[in-house]
Structure formats: structure tokens, C-alpha cells
Enquirer: 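Please see the structure below; I have some questions.
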Amino acid sequence: MKAKLKLIVFALLFVAFFTGCDDFVEEVEVVAPTAEESGEVFEPIQFVTGVYGRHTDFAYAFSFLGITEMISDNADKGSAPTDTGADKNLLDGLTHTTSSPSIRAMWTQWYKTIGRATQAIEYTETFEMTNEELRERLIGECKFLRALNYFWLVRSFGDIPLQHIDIINRAPTSDVYAYIEQNLLEAIPALPFKSEYTASDLGRVTKGAAQSLLAKVYLYQKKWQESADMANTVITSGEYDLEPDYAEVWRVSGENGLESVFELQGRGEIVAHGIQQYSTTQGARGPSGWGWGFNTPSEDLLNAFNVEGDDIRRDATIIFAGETLFDGRVIDAGVENPRYNEKAYSSANAGQGDGDKNIRIIRFAEVLLIRAEALNELNLSSDALTHLNRVRNRVNLENITTTNQSELRQIIWNERRLELAMEHDRWFDLLRTGQAPAVMIAHGKPFETGKHELFPIPNDQLIQTPKMMQNPGW
């Protein structure tokens with residue numbers, strides 16, 4: 001006989017505050033075999049897997065693109081001039097408002113995922129099971145995912161409510177970062193190395209993923225020594241290396257591969273379906289096209305590749321009108337836009353809403369660049385060059401030799417742009433490094449200092465919680 005379990009992912013009070021409409025209330029019904037049928041751990045594993053499933057929502061295929069890439073100098077809205085993409089034209093023009101649906105969608109998505117992670121932790125902590133190592137691992141996975149979503153929130157909105165403390169008043173950014181660090185530090189000892197997982201657990205959170213995210217969290221807070229040390233722990237673990245061929249990283253053969261630290265899974269044994277329309281929204285539009293044509297690499301990004309002589313990363317990042325792709329697909333010269341995002345291209349599932357494309361969240365190359373940046377800020381510029389040049393050598397670029405801290409800082413920032421182009425970090429790199437005002441104004445976008453450093457708290461949220469304060473300038 002099958003046992004039926006119903007999990008309310010948010011506490012009712014949380015739902016009352018962090019929702020404005022009924023579709024935010026999540027009831028997840030799991031029909032689980034009895035212990036005799038499939039063992040004692042079916043239920044907690046399923047609930048934890050459900051946290052991963054929160055990252056396959058359409059929000060990551062569209063809203064996420066708007067607030068991470070289209071808003072930056074890396075990408076334009078794309079598509080047809082008459083197609084606004086709801087608010088993508090506003091994000092592209094840096095004229096978004098407190099009612100922009102993309103901002104609201106990601107605020108909601110991240111908090112819902114945090115709520116599910118917390119509920120899964122609480123359920124797993126009290127579930128009767130004899131395998132304590134597995135229990136701790138599952139809890140560690142959820143703590144990583146909770147930390148990741150809080151990280152996305154805090155770098156987007158600044159002070160935010162911490163769900164477990166106060167759902168109305170916004171906690172200081174420093175408190176949010178401290179909670180993120182706490183979650184990751186608690187997760188690390190409970191998580192296996194990547195090499196210790198079986199094939200059936202491909203894509204689950206690893207020790208290296210938690211350590212890498214923590215190194216990045218430290219970097220955002222300018223905790224240079226902690227960031228450098230944590231990145232070095234990952235680098236010296238022997239678990240990761242650079243793929244010899246940069247272009248291979250973005251193909252099916254590169255998913256969860258040598259360089260992969262953490263990816264959102266598009267399709268596999270664990271996640272039930274693809275990240276909804278991630279490839280479709282960014283696919284070529286028009287004759288021979290397969291997509292909507294949004295989030296197109298900008299001319300400014302193209303020029304940045306060309307100035308550096310960086311043909312390898314340029315051609316692995318940008319699909320050009322009229323070119324023939326690696327798999328033989330011919331891009332008609334008459335497509336709507338001159339460039340498209342090749343890192344989102346799926347050879348096998350082009351145009352399918354339920355595609356197979358993974359989103360790379362953390363790669364080993366970024367860990368190397370994190371350590372390089374942190375070391376340079378610690379006045380250890382010679383040591384920083386080792387990691388910077390390792391990334392550059394992979395794409396046949398000459399070694400950087402300067403040890404002038406100021407010069408090297410700019411070079412590392414530019415290297416991050418070219419290495420991680422279209423990987424959803426550029427906007428936040430511009431903000432955290434203080435480059436945003438000058439870069440965006442030069443790009444023709446009306447950046448307002450004191451306002452655009454943060455997204456506005458969605459207006460719907462303020463209606464639900466009138467005591468919550470809005471961000472400056474909004």
C-alpha cells in the first residue's frame with residue numbers, strides 16, 4: 001500500500017507576506033512507496049530533489065536573462081524591435097520600474113526556493129532513518145541551495161528579510177552574508193567530493209561547489225584572504241581542471257564535466273524536465289531560426305573580444321548570422337539579429353521548450369579568477385598571475401606579466417568579462433567593482449548613482465508588506 005504525504009512548502013504566514021496571488025501557494029503531493037517497496041529514504045530524497053526542481057522554472061529562461069545580462073553591456077534585448085519581452089526593453093534601457101515583472105519574478109522565485117529548501121531540511125532532520133551520513137548530506141545540499149538563492153537575492157536587492165528571523169523587516173546586508181556563510185560552512189563537511197558521487201547522483205551539490213560559492217561570497221564582501229584561501233582549497237583538491245577546448249564546455253559533452261563545479265540540470269535522472277525554454281528564448285529568430293531571439297551579445301562585447309584578439313572565446317560565445325555551427329546547422333544570413341548566445345544553444349533540442357541545456361553556475365575557470373583577483377588585492381600580484389595566465393593559456397592568449405596592482409586589477413576584471421560572458425555575472429561584476437556608472441553611461445544607458453546599484457523591491461511586495469522599506473531612489 002502506498003503512503004501519501006502532503007508538504008506545504010511555505011508556512012502560512014510566509015505565504016501571506018511573500019505572495020500577492022494564489023499561484024504562489026505550493027502544495028507538493030508525493031505518492032511514495034512504502035519502506036518495503038523502495039527503502040526508508042525515498043521521502044527525504046524526493047523532497048530535497050524538489051528543491052533542485054525549483055531551478056527549472058521559466059523564470060530562469062527569461063526573467064533571469066533580463067536582470068543579469070540584458071541589463072548589462074554584454075547583451076541587448078534582441079528579438080524584434082516591437083517585441084518588448086514584457087519588460088526586457090526597459091531592463092535593456094536601464095529604465096525598469098518597481099513594477100517590472102522580471103524583477104518580481106526572480107524575487108518570488110528565489111524566496112520560494114529558499115522556503116522549499118528550509119522545509120526539506122526540517123523534514124529530513126526529523127525523518128526516521130538509520131543512514132545518518134545520507135541525512136547530513138541531504139541537509140547539506142539544501143543548505144547550499146538556500147545559500148545560493150540568498151546570494152542571488154542579496155546581490156540584487158541589498159538588505160532583505162531573512163525568512164527564518166523576520167519576514168517583514170529587511171536584515172542588513174552584512175547579516176544576510178553572515179547567514180549565507182553559515183549555511184555553506186555547515187554544508188561543506190557534510191557534502192561528498194564530486195568524485196565520490198555515483199552516476200545516478202550526477203548534478204547534486206558537492207563539497208567543491210559549496211567551497212567555490214563561499215569563495216565567491218567572500219569576494220563580494222572583499223574578504224580577500226578568506227576568498228583566496230577557499231578558492232585555493234578547491235584548486236588544490238584535484239577534483240577539477242580546465243577543459244582543453246573552451247568550446248567543448250558549452251556542448252552536451254561538457255555538461256557536468258571536468259570543469260563543472262555546479263550546474264542547473266536541464267534534463268537527467270534527477271531533475272524531471274528541462275529548464276523551461278532557456279535555449280528557445282535565446283535561439284536565432286527568423287529564417288532557419290529556432291527561437292525568440294532574446295539576449296543577444298552586444299557589439300560592445302564583440303569589440304571587447306576583438307581588441308583582446310580572443311577569437312576562441314568569441315566564437316564559442318557568439319553565433320553570427322550566416323555562420324555554420326559546429327554541428328552543421330547553418331544560420332541564415334537573414335535572421336532577425338546579427339548575433340545570438342551560443343552558450344545557450346542546444347544542438348539536440350533547439351527550439352524545444354523542454355530542452356536539455358544545463359546552466360553553468362560555477363566553473364573551475366571562475367575559481368581560478370577568484371583566487372587571482374583576491375591575491376592581487378592582497379598585494380600578491382606575482383602569485384595572481386599564475387591563475388590568471390592558466391585561464392588565458394587555455395585560449396591561446398599571451399601571458400600577462402605586469403605586477404602593478406592597479407593595472408592587473410583591470411586586466412583581471414576584463415578577463416572575467418571575456419571568460420564568463422553571457423553566464424549571468426556581468427551586471428553584478430560591474431556593480432561590485434564600481435565600474436557600473438562609467439561603463440553604462442558610455443554604453444548609452446542612464447545609470448543613476450545611488451539608485452541603480454540595487455533593484456527595487458517589487459511594488460506588489462510592498463503592497464503586501466507596507467512596513468517594508470523600498471531601496472533608495474525607487
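Values below: all heavy atoms of this structure, side chains included; hydrogens, waters and symmetry mates excluded.
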Enquirer: Passes salt bridge (Lys or Arg N to Asp or Glu O under 4.0 Å), Arg360 versus Glu423? Steps please.
Expert: CA-CA 7 Å; Arg360 280 65 166 169; Glu423 294 181 53; over 6 Å; no
Enquirer: For His55, check ring-ring contact (aromatic ring centres under 6.0 Å, His included) against everything at least two apart and list the hits.
Expert: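 ring-ring contact (aromatic ring centres under 6.0 Å, His included) check on His55 returns Tyr60.
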Enquirer: Answer whether the closest heavy-atom distance between the side chains of Glu239 and Ser195 falls below 4.5 Å.
Expert: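 Counting from C-beta outward, Glu239 and Ser195 do come under 4.5 Å.
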Enquirer: Just wondering, are more than 12 heavy atoms of other shown residues or ligands nearer than 6.0 Å to CD in Gln410?
Expert: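 It does: Gln410 CD has more than 12 such atoms within range.
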Enquirer: Verify salt bridge (Lys or Arg N to Asp or Glu O under 4.0 Å) between Arg392 and Glu415, making sure each step is shown before the conclusion.
Expert: CA-CA 8 Å; Arg392 291 175 60 82; Glu415 193 69 25; 2.9 Å; yes
Enquirer: List the residues meeting ring-ring contact (aromatic ring centres under 6.0 Å, His included) with Phe62, not counting sequence neighbours, and say none if there are none.
Expert: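 Once residues adjacent in sequence are excluded, the partners of Phe62 under the ring-ring contact (aromatic ring centres under 6.0 Å, His included) criterion are Phe58, Trp292, Phe294.
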Enquirer: Scan for ring-ring contact (aromatic ring centres under 6.0 Å, His included) pairs involving residues 355-397, sequence neighbours excluded, and state none if there are none.
Expert: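 Those involving residues 355-397 do not exist here.
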Enquirer: Run the salt bridge (charged side-chain N to carboxylate O under 4.0 Å, His left out) test against Glu186 and tell me which residues pass, sequence neighbours left out.
Expert: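 Glu186: salt bridge (charged side-chain N to carboxylate O under 4.0 Å, His left out) contacts with Lys143.
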Enquirer: Taking the ring centre of each residue, are Tyr340 and Trp290 less than 6.0 Å apart?
Expert: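 So the answer is no for these two rings.
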Enquirer: Can you list everything that forms a ring-ring contact (aromatic ring centres under 6.0 Å, His included) with Trp413? Sequence neighbours excluded, please.
Expert: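 For Trp413 there are no ring-ring contact (aromatic ring centres under 6.0 Å, His included) partners, ignoring immediate neighbours.
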Enquirer: Listed by chain and number, what are the salt bridge (charged side-chain N to carboxylate O under 4.0 Å, His left out) partners of Asp92, not counting sequence neighbours?
Expert: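 For Asp92, the residues satisfying salt bridge (charged side-chain N to carboxylate O under 4.0 Å, His left out) (neighbours in sequence not counted) are Lys445.
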Enquirer: According to the interplanar angle, ranging from 0 to 90°, do the rings of Phe447 and His452 count as parallel (below 30°), tilted (30 to 60°) or perpendicular (above 60°)?
Expert: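 If you compare the ring of Phe447 with that of His452, the planes turn out tilted.
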Enquirer: Scan Leu153, Asn471, Thr98, Ile71 and name whichever one has a side chain to side chain contact (heavy atoms under 4.5 Å, CB included) with Phe455.
Expert: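 In the set Leu153, Asn471, Thr98, Ile71, the residue that makes a side chain to side chain contact (heavy atoms under 4.5 Å, CB included) with Phe455 is Ile71.
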Enquirer: How about Asp311 and Arg314: do any of their side-chain heavy atoms sit closer than 4.5 Å?
Expert: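 Counting from C-beta outward, Asp311 and Arg314 do come under 4.5 Å.
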Enquirer: Could you work out, with salt bridge (charged side-chain N to carboxylate O under 4.0 Å, His left out) as the rule, every residue matching Arg137, not counting sequence neighbours?
Expert: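 Scan of Arg137 (salt bridge (charged side-chain N to carboxylate O under 4.0 Å, His left out), adjacent residues dropped) gives Glu141, Asp201.
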Enquirer: Cation over ring, Arg313 on Phe305, under 6.0 Å and within 45°?
Expert: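 The answer is no, since Arg313 fails at least one limit relative to Phe305.
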Enquirer: Of Asn295, Asn341, Thr296, which is the lone residue that meets side chain to side chain contact (heavy atoms under 4.5 Å, CB included) with Glu69?
Expert: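 Checked Asn295, Asn341, Thr296 against Glu69; only one passes side chain to side chain contact (heavy atoms under 4.5 Å, CB included): Asn295.
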Enquirer: Take atom NZ in Lys222; do more than 12 heavy atoms of anything else shown fall under 6.0 Å from it?
Expert: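 Counting neighbours around NZ of Lys222, 12 or fewer heavy atoms of other residues, nucleotides or ligands fall under 6.0 Å, so no.
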Enquirer: Pick one: which of Lys194, Glu243, Glu255 meets side chain to side chain contact (heavy atoms under 4.5 Å, CB included) with Ser260?
Expert: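 In the set Lys194, Glu243, Glu255, the residue that makes a side chain to side chain contact (heavy atoms under 4.5 Å, CB included) with Ser260 is Lys194.
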Enquirer: Check the angle between the aromatic planes of Phe64 and His424 and answer parallel, tilted or perpendicular using the 30° and 60° thresholds.
Expert: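 Answer is tilted, since the angle falls between 30° and 60°.
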Enquirer: Partners of Glu259 by salt bridge (charged side-chain N to carboxylate O under 4.0 Å, His left out), sequence neighbours excluded?
Expert: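 Expected list: Arg363, Arg394.
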Enquirer: Listed by chain and number, what are the side-chain contact (heavy atoms from CB on, under 4.5 Å) partners of Asp383, not counting sequence neighbours?
Expert: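 Checked Asp383 against side-chain contact (heavy atoms from CB on, under 4.5 Å); matches are Leu375, Leu380.
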Enquirer: Within 45 degrees of the axis of the six-membered ring of Trp110 and under 6.0 Å from its centre: does Arg54 put its NZ or CZ there?
Expert: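 Pair Arg54/Trp110 does not count as cation-pi.
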Enquirer: Heavy atoms only: give me the nearest Ala316-Trp250 pair and the separation to one decimal.
Expert: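 Of all heavy-atom pairs spanning Ala316 and Trp250, the closest is O-CD1, 4.2 Å.
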Enquirer: Is the closest side-chain heavy-atom distance between Asn399 and Asn389 below 4.5 Å?
Expert: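 Result yes, sub-4.5 Å side-chain heavy-atom pair found.
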Enquirer: Using side chain to side chain contact (heavy atoms under 4.5 Å, CB included), reason through Thr317 and Glu342 one step at a time and then give a plain yes or no.
Expert: CA-CA 5 Å; Thr317 301; Glu342 188 158 347; 5.8 Å; no
Enquirer: Once ring-ring contact (aromatic ring centres under 6.0 Å, His included) is applied, do any residues pair with Tyr150, and if so which ones, sequence neighbours excluded?
Expert: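 Once residues adjacent in sequence are excluded, the partners of Tyr150 under the ring-ring contact (aromatic ring centres under 6.0 Å, His included) criterion are Tyr179.
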Enquirer: For Asp429, give me all partners under side-chain contact (heavy atoms from CB on, under 4.5 Å), at least two apart in sequence or on another chain.
Expert: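 Asp429 satisfies side-chain contact (heavy atoms from CB on, under 4.5 Å) with Tyr220, Arg416, Asp425, Arg432 once adjacent residues are dropped.
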Enquirer: Kindly state each residue pair satisfying salt bridge (Lys or Arg N to Asp or Glu O under 4.0 Å) with at least one member in residues 223-233, sequence neighbours excluded.
Expert: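 Counting only pairs at least two positions apart or across chains, the salt bridge (Lys or Arg N to Asp or Glu O under 4.0 Å) contacts touching residues 223-233 are Glu181-Lys223.
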